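Beneath this line is the structure, given in C-alpha cells, with notes to follow.
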Amino acid sequence: MISLGKRAAGLRLERMQASPLWTEGGFRNQYPIPPGLRDTMAARPTLREFMFSEGRRVPQGLLPTVDPRERWARKPDSGLRATWLGHSSVLIEIDGLRVLTDPVWGPRASPSRLIGPKRFQKAPVRLSQLPPIDVVVISHDHYDHLDYPTIRQMAKTNIPFVTSLGVGAHLQAWGIAPERITELDWWQSHTVPGTELTIHAAPSQHFSGRSLKDRNATLWSSLVIESPRHRVFFSGDTGLTTEYTRIRERFGPFDLVMLEVGAFHPTWGDIHLGPENALKALDLLGGGAFLPVHWGTFNLAMHDWDAPAETLLALGPQHGAHLLMPRLGEPVEPAHGPLDAPWWRAVGVSQPVRSDATKEPGPAAQTPENLNPLLWPMD
C-alpha cells in the first residue's frame with residue numbers, strides 16, 4: 001500500500017545511521033522518562049474503547065470557522081501571523097514568507113480511506129486555496145502529521161520541504177523531487193534558499209512509524225522557525241522533556257509557541273503533552289504567545305474533544321500564559337495580545353480537567369471490554 005510510505009535506503013539510510021540518536025536499527029529518545037510522567041498503574045486504552053467508547057469525543061456539530069483569504073491578502077501589521085487550519089496544520093506568515101506546518105487535508109489519519117480515525121472537522125479552506133507557500137515543515141511521519149493525499153497534491157507544486165531524518169523517503173516515494181527535500185537531525189539547521197528564513201530541528205520526546213514493522217525507523221523533531229525579526233517554536237508531537245530548557249537557551253525567546261495539547265492519556269505522558277504539561281513546557285521554553293495545536297480535528301484519545309481547550313482556559317492564568325485560541329481559519333498576530341474567548345462552547349462544553357482528575361484507575365479486570373490494550377497511541 002503506497003500510503004504506508006517507503007523505508008530509507010542508500011545514502012539516506014547511511015546518514016540516518018550516522019546520527020547519535022540511531023541505535024539498534026532505529027532512532028531513540030535521548031533522555032530517560034522523568035519519574036511520574038507516565039502513569040504505569042493506569043490501564044492503557046483498548047482497541048474496543050477507541051472504536052466504541054461513549055462520551056463526548058467528537059463535537060455535536062461543526063465547529064465555527066473563518067475564511068482567512070481576505071486577511072491573507074493583507075500583510076500582517078506586526079510581521080508575524082498564524083492561522084490554525086486544524087490539528088497541527090498552521091500557516092505561519094513571518095516577515096513576508098509563508099511556512100506551513102504538518103499539512104493534513106485528507107479525510108482520515110490512516111493509510112486507508114475506509115477505516116481509521118476520521119476527521120470530524122474539515123479544514124476551513126481547501127488545499128488549493130492556500131496562498132503561495134515558501135516552505136513546508138513536517139515534524140514526523142505519523143498519519144495525522146504526514147498525509148499521503150495531501151503530499152500527493154503538493155507534489156504538483158515546487159514547494160520545498162524540511163523534515164526529520166528519514167521522512168524524505170516517504171515524500172520522495174509520493175512524488176516530491178529529492179532536490180525539494182531537506183532532512184535534519186536534532187540541532188541541525190537549514191536556511192531556505194534566497195531568504196533569511198532558517199528552520200532548526202530540535203529534540204522532542206516521541207516515536208515514529210506508519211506500520212507495525214517500522215517503529216522508530218524515521219526521526220521525530222520539534223522545529224524552530226527563525227527570521228531576522230521573529231522566532232516561532234512548533235512542538236510536533238512530544239511528551240514533556242527537559243530539553244525545552246536547552247531549546248530556550250539556544251533559540252529563545254519565542255514570539256509564538258505552538259504546543260500539542262490533544263490526544264493525551266495518563267499512560268502516554270512520555271510521548272504526548274496534554275494541556276497541563278503543555279503549560280509546563282511553555283514555562284521551560286520561556287513563555288511567548290501560546291497557540292495550542294493537535295486538537296479539534298480528529299478523535300485520537302479517550303478524553304472529551306474540548307477538554308484540552310477547557311483545561312487551558314482554567315489553568316492558563318496560573319501560569320501567566322498568553323493564550324491564542326482562535327477559531328479554525330482565524331488569522332491571529334501574537335503582538336496583538338491574548339485571544340481566549342471560548343468559541344468552542346457553541347457546540348457544547350465539557351468540564352475542565354483538574355490536576356487531580358488526570359489519573360485513571362489502576363489496571364482493570366480482564367474482561368472482553370478491555371482486552372487488547374494498545375501498546376502506543378495511533379499518533
Side-chain angles (χ1 to χ4, degrees), residues 45 47-68 82-91 101-110 113-127 142-145 147 150 237 258-265 268 272-276 278-279 290-316 323-332 339-354 357-358 360 377-379:
L47 183 59
R48 180 185 178 91
E49 288 175 320
F50 264 107
M51 296 177 66
F52 302 114
S53 69
E54 299 178 356
R56 299 178 56 261
R57 289 170 56 191
V58 299
Q60 298 173 351
L62 292 178
L63 306 183
T65 62
V66 174
D67 187 335
T83 308
W84 178 47
L85 299 168
H87 203 57
S88 295
S89 302
V90 181
L91 177 63
T101 68
D102 288 358
V104 174
W105 264 256
R108 293 182 185 271
S110 166
R113 297 192 177 195
L114 301 176
I115 59 174
K118 186 177 182 180
R119 64 190 306 151
F120 57 74
Q121 179 69 33
K122 66 179 183 180
V125 293
R126 295 191 298 272
L127 189 61
H142 283 155
Y143 288 97
D144 57 324
H145 297 263
D147 180 53
T150 301
D237 278 0
M258 300 182 294
L259 295 166
E260 59 130 293
V261 300
F264 60 93
H265 187 272
W268 302 344
H272 280 297
L273 285 171
E276 293 188 54
L279 289 167
F290 174 21
L291 174 64
V293 297
H294 203 267
W295 76 287
T297 306
F298 293 103
N299 170 16
L300 298 172
M302 301 298 103
H303 57 73
D304 288 351
W305 75 271
D306 55 355
E310 288 294 328
T311 302
L312 288 175
L313 202 62
L315 301 182
L323 291 176
L324 288 177
M325 304 184 73
R327 294 167 291 174
L328 284 155
E330 182 177 9
V332 290
L339 183 66
D340 56 7
W343 53 265
W344 55 88
R345 293 179 181 173
V347 289
V349 64
S350 67
Q351 295 299 314
V353 178
R354 302 184 302 273
T358 58
E360 292 194 353
M378 302 172 78
D379 67 335

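Nothing here was measured: the structure is a model prediction, and the numbers come from that model. These values consider heavy atoms only, across backbone and side chains, with no hydrogens, waters or symmetry-generated copies. The first residue in the sequence is number 1, and the count goes up from there.
Annotation: side chain of Ser88 is not in contact with side chain of Thr297 (no heavy-atom distance under 4.5 Å). Side-chain atoms of Asp304 and Glu310, non-hydrogen and from C-beta on, never get closer than 4.5 Å to each other. Side-chain contact between His265 and His272 is absent, with no heavy atoms from C-beta onward closer than 4.5 Å. Using a 4.5 Å heavy-atom threshold, the side chains of Pro117 and Tyr143 count as separate. A heavy-atom distance below 4.5 Å is not found between the side chains of Trp84 and Val332. Looking only at side-chain heavy atoms (C-beta outward), Leu313 and Trp344 come within less than 4.5 Å of each other. Looking at Val261 and Leu273, their side chains never come closer than 4.5 Å, going by heavy atoms from C-beta outward. Between His303 and Thr311 the shortest side-chain heavy-atom distance does not fall below 4.5 Å.
In this structure, Leu312 CG and Asp306 CG are separated by 11.5 Å, a value rounded to the nearest 0.5 Å. Rounded to the nearest 0.5 angstrom, Met258 CE and Leu324 CG are separated by 11.0 Å.
With hydrogens and angles ignored, the 3.5 Å screen pairs no side-chain donor or acceptor of Arg119 with any backbone N or O of His87. Within the 3.5 Å criterion, the main-chain N or O of Glu330 finds no donor-acceptor partner in the side chain of Thr83. Here the side chain of Ser110 pairs a donor or acceptor atom with the backbone of Ile115 at under 3.5 angstrom.
Between Ala278 and Phe290, the shortest heavy-atom distance links the atoms CB-CZ, 4.0 Å. Considering all non-hydrogen atoms of both residues, Arg108 and Asp147 come closest at O-OD1, 4.1 Å. Nearest heavy atoms, Gln121 versus Leu63: OE1-N, 2.8 Å. Across all their heavy atoms, Phe264 and Pro308 have their closest contact at CE2-CG, 3.9 Å. In terms of heavy atoms, Trp268 sits closest to Pro45 at CZ2-CG, 3.8 Å. In terms of heavy-atom proximity, Pro68 sits nearest to Gly329 at CB-O, 3.1 Å.
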Item to check | Criterion side-chain contact (heavy atoms from CB on, under 4.5 Å) on Leu85 and Trp105, from CA distance to verdict | outcome: CA-CA 9 Å; Leu85 299 168; Trp105 264 256; 3.8 Å; yes
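Side-chain atoms of His294 and Asp237 form a donor-acceptor pair, as typed in the model, at a separation below 3.5 Å.
Aromatic ring orientation, Trp305 versus Trp295: parallel (interplanar angle below 30°, classes split at 30° and 60°).
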